[in-house]
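Here is how names work: the chains are called A, B, and so on, in the same order as the sequence lines, proteins then strands, and each is numbered from 1. All values below were derived from every heavy atom in this structure, side-chain atoms included, with hydrogens, water molecules and symmetry-related copies excluded.
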Number of protein chains: 2
Amino acid sequence: MKQQIPEACIERLSLYVRELGQWQRRGCGFVSSRRLAEPLGLTDAQVRRDLSYFGQFGTSGRGYEVRRLLSTLSDILGIQGRVWRVALAGVGNLGSALLAYRGFQNRGFVFKVVVDADSQKVGRVIQGLTIAPSRQLEELVRRHRIHIGIITVPSEAAQAVCDQFIRGGVKAIVNFAPARLEAPSGVRLRNVDLALELEALAFYLGRGKALTDGLQK
Amino acid sequence: MKQQIPEACIERLSLYVRELGQWQRRGCGFVSSRRLAEPLGLTDAQVRRDLSYFGQFGTSGRGYEVRRLLSTLSDILGIQGRVWRVALAGVGNLGSALLAYRGFQNRGFVFKVVVDADSQKVGRVIQGLTIAPSRQLEELVRRHRIHIGIITVPSEAAQAVCDQFIRGGVKAIVNFAPARLEAPSGVRLRNVDLALELEALAFYLGRGKALTDGLQK
DNA sequence: CACTGTGAATGCATTCACAGCG
DNA sequence: CGCTGTGAATGCATTCACAGTG
């Protein structure tokens, strides 16, 4: 009964929610899998398959009721009537950017705790939150019952911060440091590596040249 | 002869380069696929398969020569003795963070052009670059022969910026706006969606509850 | 003997194609 | 008739397993 849902499908769920928002604002009552898929660059079959993992929401011949599907998917993603408490470690450029990013607040992600190792920064107020010293992270995380931890510290410090999150009871972590982190299996860990994005592109840009330049042996 | 290399493999290439850097600093001459794989959370078979797409670099019984493999992979990725000229559109929080990020400079990615639509920001200097008005993007991109474009503008403006990049001759774009962009097939487009990362985590955090709460029908 | 390089097997995700429904 | 929901087919990526090599 409990089938496995593809990881990629979960990410598309967020896309569906955004796209459905558009259709709702346009005042459409129903939308077909094809119309939902097209602007997202997907196929109609993919949309139907994805949705089918969660139940049967469509009506034959008509499509999906926009309002209902939007509300159901938001619910599944936990971004409806739900607040996720987030803690951020590392108030550098990237950390500050994430704190200021409106996209999170809108979706029910609320920063509750911010720490930094730099005593110069501790005590400063940013986005309405006072920066606490790193050493208090574990306790703050526990006290605020943080759901999600975000790591934007230098690579060397990333594992230590990660461990504090875990000891504090966090079950989901996003790591922006370019380092492989260890976490027990009960903790969901996602890595976002910005330099890696550019490097992958560089590969394709340089491909023709590099591969023919005697690399094959 | 020209076999297809998995997308995921390209991304792991960057990881191998980083890890090999560690081994080199530690003064190791050779490293086996197993030792290379382990700290990255991969299997030895995966490492061997990935490398085999590009040639035969190993020695039976010994492993891979660290220095040579590092140099070869860096070359394949185009991060050795190569400079990639980058343009950034949108100097908000995220844009500023990317400009300041050292990880890019180190790998041969150099920002040459920065634009913003806000006339308040135009003329300001950031990380040694003067912010130009958005309307000049296409021309600047062409004049500086930009390789990679980065989009950190609001969703509404993203497609317009993307079009300017493309008309200016850019062949690789990273888009941070949560919007699906259109680009011709010759242009490599990558999307990085930060809110989506958190939402995917929220799904797993909330799963147990949401799925049993009458969503199955 | 320790290790690579790679066919063959497996496991996932996407796409096809169509029966069934409103 | 238009569209969903889903078995079956396909296409990719990963893993297995082992012959081959220094």
Side-chain angles (χ1 to χ4, degrees), chain A residues 1-16 19-20 23 28-38 40-70 72-73 76 200 203-204 215-217, chain B residues 1-16 19-20 23 28-38 40-70 72-73 76 200 203-204 215-217:
Chain A
M1 154 89 254
K2 204 168 205 171
Q3 71 188 312
Q4 183 57 23
I5 297 161
E7 178 95 13
C9 164
I10 307 302
E11 287 167 30
R12 284 190 295 266
L13 237 48
S14 297
L15 298 179
Y16 298 149
E19 186 62 25
L20 283 165
W23 288 94
C28 292
F30 279 78
V31 64
S32 70
S33 56
R34 172 184 289 272
R35 285 172 193 281
L36 187 49
E38 208 170 48
L40 295 171
L42 305 171
T43 67
D44 52 339
Q46 176 113 71
V47 169
R48 292 199 301 278
R49 170 73 66 199
D50 282 348
L51 297 180
S52 77
Y53 287 118
F54 302 98
Q56 310 195 158
F57 310 114
T59 311
S60 302
R62 302 242 274 154
Y64 301 89
E65 191 191 332
V66 173
R67 170 192 283 283
R68 186 167 88 96
L69 185 57
L70 178 53
T72 305
L73 295 188
I76 292 172
F203 167 80
Y204 291 107
L215 277 174
Q216 291 296 17
K217 211 296 129 85
Chain B
M1 149 102 249
K2 205 167 201 168
Q3 68 187 314
Q4 183 58 23
I5 297 161
E7 179 95 13
C9 165
I10 306 303
E11 286 167 30
R12 284 190 296 266
L13 237 47
S14 298
L15 298 180
Y16 299 149
E19 186 63 25
L20 283 165
W23 288 93
C28 293
F30 279 78
V31 64
S32 69
S33 55
R34 173 185 288 273
R35 284 173 194 281
L36 188 50
E38 207 171 48
L40 295 171
L42 305 171
T43 68
D44 53 338
Q46 175 113 71
V47 169
R48 292 198 302 278
R49 170 74 66 201
D50 281 350
L51 297 180
S52 78
Y53 287 118
F54 301 99
Q56 309 195 159
F57 310 114
T59 311
S60 301
R62 303 243 274 151
Y64 301 89
E65 190 192 332
V66 173
R67 172 192 279 282
R68 187 167 87 95
L69 185 58
L70 179 53
T72 305
L73 296 188
I76 291 173
F203 167 79
Y204 290 106
L215 278 174
Q216 294 294 18
K217 214 285 129 85

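Of the candidate nucleotides D:dT6, D:dT14, C:dT4, C:dT4 has the atom lying nearest to any side-chain atom of B:Ser33. Checking D:dG5, D:dT14, D:dC16 against every side-chain atom of B:Ala45, the shortest atom distance belongs to D:dC16. For A:Gln56, counting side-chain heavy atoms from C-beta on, the closest listed nucleotide (D:dG5, C:dT14, D:dT14) is D:dG5.
For D:dG2, the OP1/OP2 oxygens have no side-chain nitrogen or oxygen of A:Arg35 closer than 4.0 Å. Side-chain N/O atoms of B:Gln4 include none lying less than 4.0 angstrom from OP1 or OP2 on D:dC12.
Separating the CD1 atom of A:Ile5 from the P atom of C:dA13 is a distance of 11 Å, rounded to the nearest angstrom. At whole-Å resolution of the value, CG in B:Asp50 and P in D:dT14 are 7 Å apart. Atom CZ of A:Arg34 and atom P of D:dC3 are 8 Å apart (whole Å). The distance between atom CZ of B:Phe57 and atom P of C:dT6, rounded to the nearest whole Å, is 11 Å. Computed from coordinates, the B:Leu51 CG to D:dA13 P distance equals 17 Å when rounded to whole Å. Rounded to an integer number of Å, the gap from CD of A:Gln46 to P of C:dC12 is 17 Å. Rounded to an integer number of Å, the gap from OH of B:Tyr64 to P of D:dG22 is 15 Å. Per the geometry, CZ belonging to B:Arg62 stands 14 Å off C1' belonging to C:dC1, to the nearest Å.
For C:dT15, the base has a donor-acceptor partner in the side chain of A:Arg49 [N/O atoms by modelled type, under 3.5 angstrom].
Other residues, nucleotides and ligands contribute more than 12 heavy atoms inside 6.0 Å of the CD atom of A:Glu65.
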Set out, line by line, the N/O atom pairs under 3.5 Å between protein and nucleotides 18-22 of chain C.
from, atom 1, to, atom 2, distance (Å)
C:dC21, O2, A:Ser60, OG, 3.3

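Contact annotation: the side chain of B:Tyr53 approaches that of B:Pro6 to within less than 4.5 Å [non-hydrogen atoms, C-beta and beyond]. Between B:Glu11 and B:Leu15, the closest side-chain pair of non-hydrogen atoms is not below 4.5 Å. Side-chain contact between B:Leu42 and B:Tyr16 is present, with heavy atoms from C-beta onward closer than 4.5 Å. Using a 4.5 Å cut-off on side-chain heavy atoms (C-beta onward), B:Tyr64 and B:Leu20 make no contact.
A:Arg48 contributes atom CZ, which lies 13.0 Å from atom CD of A:Gln56 (distance to the nearest 0.5 angstrom).
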Q: Show the numbers, then the answer: is there a side-chain contact (heavy atoms from CB on, under 4.5 Å) between A:Cys9 and A:Phe54?
A: CA-CA 11 Å; A:Cys9 164; A:Phe54 302 98; 4.0 Å; yes

